[in-house]
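All values below come from the heavy atoms of this structure, side chains included, with hydrogens, waters and symmetry mates left out.
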Amino acid sequence: MTDAGVAGIDPVLGFALVGALGVGSQWLAWRLKLPGIVVMLLAGLAAGPGLGLLLPSEQFGALMQPMLAIAVAIILFEGGMTLNIQSLRDATVGVRRLVLIGTPLGWAVSALTLRWVAGLSWESSAVFGGILIVTGPTVIAPLLRQARLRKRPAALLQWEAIVNDPIGALAAVLAFELVSVLADASSVGGALADLAMGLVVATLLGVAGGWGLVQAFRRGQVPEYMKVPVLFVSVLAVFALADSVLHESGLLTVTIMGLWIANSGLASYTEMHRFKEQATILLVSGVFILLAANMTVDTLATLDWRALAFVVAVILVARPLPVLVSMLGSNVPWRERVLVAFTGPRGVVLVAVAGLFGERLAALGIEDGSRIGTLAFALVAATVVLHGFTLTPMARALGLIASDTPGVLIVGGSRWATALGLALKKLEVPVLVADPNHAHLRHARDAGLETFFGDILSEAAEHRLDLVSYDKLLTATDNDAYNTLVATDLAPAFGREHVFQLKRGREASSRHALPATLGGQRFGPDETFFEANARLAEGWEFRVTRLSEEFTLEDWRAHNPGAVPMADLGPNGTFRLLGPEQPPKETAGTRLVALIPAREDRQEAARAAEADKTGESTDSI
C-alpha cells in the first residue's frame, strides 16, 4: 500500500468505492423515492468523516483538484448541450431578466449577507458573493425530474442554473483579480484588461470548438464510432486551453461549446447527448461523494451560529430578493416567480470553485478565506436537503405540477385508442393521443381527449408538448414499422419498462420482419392493430372497476369471464399499463381498466363456465 493510502483504503479501492457509493446512492434514492442528492450527501459523509474509509485529499493527493475541475467542465458542457434555443421560447423574458438583472443584484446581496451575517471580510465577501450566483445544474436536473414541473418554470430554473454556473465562476475571478491587485498595489486597469481579454478568448474558443466539431461530424471527417471519444477529448482540450489564458474561464468556454452543438441540428446529436448524459450522472455521483467525504470532523465542528444564520439568510433573502426584483413588470405569473425565488439549490460547482478561491485568498494573507469552503459546503448540504424534500410539495401547492398522476401518451388515433383513452380518463390519468394524420384524430377530438396533430418524433412535438406529464408510451398506429420506430426512439426517455406497443403482424417473409429486440413491451391481450379494433366492432368495450374487500379480483374474474386487464391504478396512486403476462393488483381500492367481451360473449362464457362445473355440454343445437 502506498503512503497516500495509509489513512484510509487503497486509492484504487477508493475509486471503486466512490463509484459504488455514487451509483448505489442514486439507485437507492430511486427505489425509496428520495432526492438522489440527499442520499449521496449522506453516503459521502458516512464514508469520509463518519467511518474514515474515504479520505480523498490524502488518498488522491494532487489529483483531487484536477479531477474535480475536469468533472465540473464535462458536467457544464453536458448542461450546455441541453439548452436548445427553441425550448426557451416560453421562458425567454424570465431567463433574460434572471441573468441580466438577477445576477449582478444577487452578487451584491450575497456579498452583503456574507459581510454582515457570516462576518467575513469585504475581500472574501466579494469573491464568495460572486460564486453564490451559481444555483447548480447538477442539483436542479434531478430535482426537476423528481418534481415533474410544468414546462416554463422548469425551463426558467434549468436555464438559470446552467447559464449562471460559468458566470458565477467568472464573477469570482473578477473579484479575486481586484483583490489581488489591491493586495499587490498593481494596476487595476491592467487587471481588468487581462480579464476582458480572457473572457473574449474563452468565448471565441467555445464557438470555434463547437463549430469545428459540427463541421467535422457533418462532413464525415470523424467515423461514427469515434465521435464520442473525439467529443470528450475536444472538451478537455478547449477547457484546458481557456483555463491557461484565464483561470476558471474554461467553464464559460465549454458551456458555450455545448450550447453551439445543441443548436446546430447535428444528426448525431441525440446519440452523443445520451452518452454524455449518462457520463454526467456518473460524474455528478462521484463529485458529490468526493466533496462530502473530503469534509473532516474538525472542519464540520467549525460551523457555528454565524454559519447557520448565513444559510438561513441566503435561503430567505439573498436568493428570493434578486429573483423577485428582476421579475418585476415581466409576464411571468406570480406563482412561477415565487417558485423560482425560493428554489435555489447549490451544487458541486459552488463547492469546487469556493474551495479553490478560499485557498487562494488565504495565500494572499486574508485569513478568513479558509472559511469559504466550509460555508459553501454547509450551504450546499442545507439547500440540497431543503429543496429535495420541499420542491414537489411547494410546486403542487402553487399549481405548477404538470400532473399528480403521470399520464399515457398514445400514438395512433383509432377508435380503439379513443376508447382506451376515455377509460383511462375516468381514472383521472392524463391522456394525449398523437397521430400524423389529422383525420385519424377526429374520434379522439370528438370524445374530448387531448390530441396532437403531427409526428411525435418531430421537433415541433419536442418543443410544443409538455411531455413531462406523461411517463407511459403506447404505440398503436396501423403501421407496425412506425410503432417500432417510435417505441425504440423514445424508450430511453420514458424508460423501456414504460414503453408498450401493439403486436406486430406476422410477416410472410423474414426479409420484412423487424428484429424482436426493437420496439416496446407487449400490451393487453397482445394483438395487432386490426385485431384490437375488430374486438370493438364485435361489441367489446373498456370498463373501469374498483376492487374492494367485498369485491375482489377473483370476484371480478368470475363476473367477467374472458375479460382482459389493460391497466390499473393502485390506492397509493401508482398507475400501470399491463402486458399479457402481468396480473393486475389485488389490493382493495385498486381501480382496474379492462376490455370486457360483448354481452352475448359474456353470457356464453358464463354458460361454459357453469357447464364445466356440472359436466354438461353447452354446444348450440
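- Between the side chain of Thr103 and the backbone N or O of Leu100 there is no donor-acceptor pair closer than 3.5 Å.
- A search for side-chain contact (heavy atoms from CB on, under 4.5 Å) contacts involving Glu450 returns Leu432, Tyr470, not counting sequence neighbours.
- For Thr392 (side chain) and Phe389 (main-chain N/O), no donor-acceptor pair under 3.5 Å exists by modelled atom type.
- What you find for Leu213 and Ser234 is that their closest heavy atoms are CD2-OG, 3.5 Å.
- Every residue meeting the side-chain contact (heavy atoms from CB on, under 4.5 Å) condition with Ala313, not counting sequence neighbours, appears here in chain and number order: Thr113, Val117.
- Closest approach of Ser264 to Val214, counting heavy atoms only: OG-CG2, 3.5 Å.
- Here the closest non-hydrogen pair linking Leu45 and Ala292 is CD2-O, 3.6 Å.
- In this structure, Ile366 CD1 and Glu123 CD are separated by 4.5 Å, a value rounded to the nearest 0.5 Å.
- For the pair Gln26/Val39, no side-chain contact is recorded, criterion being any heavy-atom separation below 4.5 Å from C-beta on.
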Should Met40 and Leu21 be marked as a side-chain contact (heavy atoms from CB on, under 4.5 Å) after you check the CA-CA gap, both sets of side-chain angles, and the distance that decides it? CA-CA 7 Å; Met40 285 188 285; Leu21 287 176; over 6 Å; no

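- For Arg319, the salt bridge (charged side-chain N to carboxylate O under 4.0 Å, His left out) criterion is met by Glu160, not counting sequence neighbours.
- Atom CZ of Phe77 sits about 12.0 Å away from atom OG1 of Thr253, to the nearest 0.5 Å.
- Here the side chain of Arg346 pairs a donor or acceptor atom with the backbone of Leu132 at under 3.5 angstrom.
- Put simply, the side chain of Leu105 does not reach to within 4.5 Å of the side chain of Val323, judged on heavy atoms.
- Within the model, atoms NZ of Lys472 and NE2 of His498 stand 4.5 Å from one another, a figure rounded to the nearest 0.5 Å.
- When all heavy atoms of Ala43 and Ile289 are compared, the pair lying nearest together is CB-CD1, 4.0 Å.
- Checked by atom type and distance alone, the side chain of Arg115 never pairs as donor or acceptor with a backbone atom of Ser125 at under 3.5 Å.
- Separating the CZ atom in Phe239 from the CD1 atom in Ile74 is a distance of 9.5 Å, to the nearest 0.5 Å.
- For the pair Trp107 (side chain) and Ala126 (backbone), a donor-acceptor distance under 3.5 Å is present.
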Working for side-chain contact (heavy atoms from CB on, under 4.5 Å), residues Met394 and Leu398: CA-CA 6 Å; Met394 181 168 61; Leu398 292 171; 4.0 Å; yes

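- The side-chain contact (heavy atoms from CB on, under 4.5 Å) search around Pro333 returns Arg152, Glu336, not counting sequence neighbours.
- Using a 30° and 60° split on the angle between ring planes, Trp116 and Trp122 fall in the perpendicular class, above 60°.
- In this structure, the separation between CZ on Arg396 and CG on Leu391 is 10.5 Å, given to the nearest 0.5 Å.
- What you find for His387 and Thr343 is that their closest heavy atoms are CE1-CA, 3.6 Å.
- Ser110 and Ala318 get closest at one heavy-atom pair: OG-CB, 4.2 Å.
- Proximity of a side-chain donor or acceptor of Arg371 to a complementary backbone N or O of Ala118 within less than 3.5 Å is detected.
- Scanning for side-chain contact (heavy atoms from CB on, under 4.5 Å) contacts around Leu241 gives Leu205, Ser244, with sequence neighbours left out.
- Partners of Asp368 according to the side chain to side chain donor-acceptor pair (under 3.5 Å) rule, which considers only residues two or more places apart in sequence or in another chain, are Ser121, Ser124.
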Let me see the working for Leu54 and Asn294 under side-chain contact (heavy atoms from CB on, under 4.5 Å), right down to the final yes or no. CA-CA 8 Å; Leu54 192 60; Asn294 205 42; over 6 Å; no

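- Atom CD1 of residue Ile372 and atom CG of residue Leu361 lie 5.0 Å apart, to the nearest 0.5 angstrom.
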Tell me, with the steps shown, if Phe494 and Leu409 meet side-chain contact (heavy atoms from CB on, under 4.5 Å). CA-CA 10 Å; Phe494 282 83; Leu409 170 59; 4.1 Å; yes

